[in-house]
Number of protein chains: 2
Amino acid sequence: MRNTQQRRAILQQLRQTKSHPTAHELYELVRRQIPNISLGTVYRNLQRLATIGEIRVLRSGGQTRFDGETVPHDHVRCVRCGRVADAPAPQPSLTAPAEEHVEGFKIVGYRLEWLGICPTCAAQDRAATPTEELSPA
Amino acid sequence: MRNTQQRRAILQQLRQTKSHPTAHELYELVRRQIPNISLGTVYRNLQRLATIGEIRVLRSGGQTRFDGETVPHDHVRCVRCGRVADAPAPQPSLTAPAEEHVEGFKIVGYRLEWLGICPTCAAQDRAATPTEELSPA
DNA sequence: GTAAGTGCAAATGTTTTGCCAGGTC
DNA sequence: GACCTGGCAAAACATTTGCACTTAC
């Protein structure tokens with residue numbers, strides 16, 4: 001695999017952000033360094049980097065996000081805005097269900113995603129719901 | 001919300017299949033009962049049924065699948081073919097990480113997906129070369 | 001030099017939406 | 001009859017791909 005400036009920039013941006021960006025967000029970031037990079041190139045490289053295990057793909061909540069951190073860990077997703085943060089892996093690690101309980105599937109791993117409300121959305125909730133609207137008598 | 005024959009058929013089909021179909025698969029199933037139902041209607045109703053909690057939406061592996069079973073349980077996904085089966089919920093249930101470990105998110109739940117190889121794909125593996133898939137946890 | 005990689009644009013696949021007719025209450 | 005809903009088709013997105021040109025090695 002060639003070491004192109006595009007791939008280097010993509011990986012570098014992904015590694016130095018903790019925001020788990022979408023492909024398009026990453027595209028915007030990399031575009032500051034390489035203004036004429038194309039979105040297709042970003043997608044192509046993300047796919048390759050994922051295949052060789054350099055990055056991780058997070059699909060959930062209808063969005064695809066990318067994570068430059070390959071050390072095992074889980075994630076929390078805000079159910080309001082879709083923002084994703086890291087979460088520590090559970091202690092002790094999970095025990096896989098026996099094959100006879102999962103239609104004979106051989107378990108090779110798992111993905112655990114916590115669901116939550118991020119601080120920003122929690123603040124908005126407090127501002128939006130405090131008073132019920134009273135019906136005019 | 002009105003009780004239309006379309007919505008009844010969609011929910012009924014989803015409830016009586018254990019295959020966690022995609023929207024299009026469900027569309028094909030329902031079409032046997034209501035030949036001129038439209039894909040848009042299937043999507044609209046799945047969305048509504050999910051909103052009121054009658055069904056569950058599973059997004060992973062780049063596919064969106066639907067589950068008519070609302071009793072809490074987890075899933076196993078075949079990393080080769082994307083097929084999804086049910087898995088029992090872990091015992092004891094997971095303990096949420098403390099807020100300070102997840103950037104202040106308030107945890108409201110989790111989604112656990114086991115990754116595995118289904119019996120069909122395992123059989124094919126024995127005859128062909130293994131493939132790759134994205135990292136587990 | 002040459003094959004992998006890029007930019008661009010068109011194609012693909014999935015999900016959503018606007019509009020009006022038709023069914024439901 | 002009022003108003004949800006559905007059918008249909010177009011639109012909106014996200015992602016992939018074909019092709020000719022570049023570039024890393």
Side-chain angles (χ1 to χ4, degrees), chain A residues 1-14 19-52 54-67 77 79 81-84, chain B residues 1-14 19-52 54-67 77 79 81-84 131-134:
Chain A
M1 193 194 275
R2 276 193 205 168
N3 178 21
T4 62
Q5 79 167 295
Q6 286 85 344
R7 179 166 317 135
R8 244 179 290 129
I10 290 168
L11 187 52
Q12 179 201 327
Q13 279 296 339
L14 189 53
S19 70
H20 310 82
T22 62
H24 202 277
E25 284 165 357
L26 202 46
Y27 166 64
E28 293 297 347
L29 287 172
V30 175
R31 214 136 69 114
R32 297 190 202 149
Q33 287 175 242
I34 308 176
N36 68 328
I37 194 174
S38 78
L39 186 54
T41 295
V42 173
Y43 272 106
R44 260 187 298 234
N45 278 295
L46 287 171
Q47 194 174 284
R48 282 174 200 168
L49 290 166
T51 303
I52 62 172
E54 278 293 298
I55 66 173
R56 284 179 58 192
V57 183
L58 314 175
R59 292 185 206 262
S60 71
Q63 296 182 313
T64 302
R65 292 174 172 278
F66 298 86
D67 189 343
R77 171 168 58 88
V79 295
C81 68
R83 209 180 115 203
V84 170
Chain B
M1 192 194 278
R2 277 191 202 165
N3 177 20
T4 63
Q5 78 166 299
Q6 286 85 345
R7 178 164 319 133
R8 245 178 288 127
I10 290 168
L11 187 53
Q12 180 202 326
Q13 279 296 339
L14 190 52
S19 71
H20 309 82
T22 62
H24 201 276
E25 285 165 357
L26 202 45
Y27 166 61
E28 293 296 348
L29 286 171
V30 175
R31 214 137 68 113
R32 298 192 200 148
Q33 286 175 243
I34 309 176
N36 68 328
I37 193 173
S38 78
L39 186 54
T41 296
V42 173
Y43 272 105
R44 257 188 300 239
N45 278 296
L46 287 172
Q47 195 174 283
R48 283 173 198 162
L49 290 167
T51 303
I52 63 173
E54 279 292 300
I55 66 173
R56 284 178 60 191
V57 183
L58 313 176
R59 292 185 206 261
S60 72
Q63 294 183 311
T64 303
R65 293 173 171 278
F66 299 86
D67 190 344
R77 172 168 58 89
V79 294
C81 68
R83 211 180 113 202
V84 171
T131 43
E132 81 322 303
E133 173 43 35
L134 304 176

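Every chain is numbered from 1, with letters handed out A, B, ... down the list of sequences. Quick caveat, the model's predicted, so the values are computed rather than measured.
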Q.
Suppose we call a contact any N or O donor and acceptor under 3.5 Å apart; does that hold for the side chain of B:R2 and the base of D:dT5?
A.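 Absent.
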To the nearest 0.5 Å, tell me how far [X] [atom1] sits from [Y] [atom2].
{"X": "B:Q12", "Y": "B:Q5", "atom1": "CD", "atom2": "CD", "answer": "11.0 Å"}
{"X": "A:T22", "Y": "A:H24", "atom1": "OG1", "atom2": "NE2", "answer": "7.5 Å"}
{"X": "B:R65", "Y": "B:S19", "atom1": "CZ", "atom2": "OG", "answer": "7.5 Å"}
{"X": "A:Q63", "Y": "A:E25", "atom1": "CD", "atom2": "CD", "answer": "7.5 Å"}

Q) Looking across every strand, which nucleic acid part, if any, lies under 4.0 Å from A:R8 by heavy atom: base, sugar-phosphate, or nothing? A)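 Result for A:R8 = nothing.
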Q) Reckon A:Q5 touches a base, only the sugar-phosphate, or nothing at all at heavy-atom distances under 4.0 Å? A)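 A:Q5: no heavy atom of the nucleic acid under 4.0 Å.
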Q: Would you mind telling me which of D:dT15, C:dG7, C:dT6 lies closest to the side-chain atoms of A:L39?
A: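 Selected nucleotide (nearest to the side chain): D:dT15.
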Within this structure, what is the [atom1]-to-[atom2] distance between [X] and [N], rounded to whole angstrom?
{"X": "B:R44", "N": "C:dT14", "atom1": "CZ", "atom2": "P", "result": "19 Å"}
{"X": "B:R7", "N": "D:dC4", "atom1": "CZ", "atom2": "C1'", "result": "9 Å"}
{"X": "A:R59", "N": "D:dA14", "atom1": "CZ", "atom2": "P", "result": "14 Å"}
{"X": "B:I52", "N": "D:dT5", "atom1": "CD1", "atom2": "P", "result": "10 Å"}
{"X": "B:I10", "N": "C:dT15", "atom1": "CD1", "atom2": "C1'", "result": "14 Å"}
{"X": "B:N36", "N": "C:dG23", "atom1": "CG", "atom2": "P", "result": "11 Å"}
{"X": "A:Y27", "N": "C:dT6", "atom1": "OH", "atom2": "P", "result": "14 Å"}
{"X": "A:Y43", "N": "C:dT6", "atom1": "OH", "atom2": "P", "result": "16 Å"}

With a 4.0 Å limit, can you tell me whether [X] has a side-chain N or O closer than that to the phosphate oxygens OP1/OP2 of [N]?
{"X": "B:R48", "N": "C:dT16", "answer": "no"}
{"X": "B:Q47", "N": "C:dT15", "answer": "no"}
{"X": "B:S38", "N": "D:dG6", "answer": "no"}

Q: Indicate yes or no for a side-chain donor-acceptor contact from B:R7 to the backbone of B:L49 under 3.5 Å, with no hydrogens or angles considered.
A: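 Looks like no, no N/O pair under 3.5 Å.
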Q. When you match B:G40 and B:Q6 each to their closest nucleotide on DNA chain D, which lands nearer the 5' end?
A.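 Nearest nucleotide further toward 5': that of B:Q6.
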(Q) Heavy-atom nearest nucleotide on DNA chain C for B:A23 versus B:T4: which residue maps closer to 5'? (A)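 Going by which nucleotide is closer to the 5' end, it is B:A23.
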Q.
Both A:M1 and B:T22 contact DNA chain C. Which one's nearest nucleotide lies toward the 5' end?
A.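 Here A:M1 is the residue nearer the 5' end.
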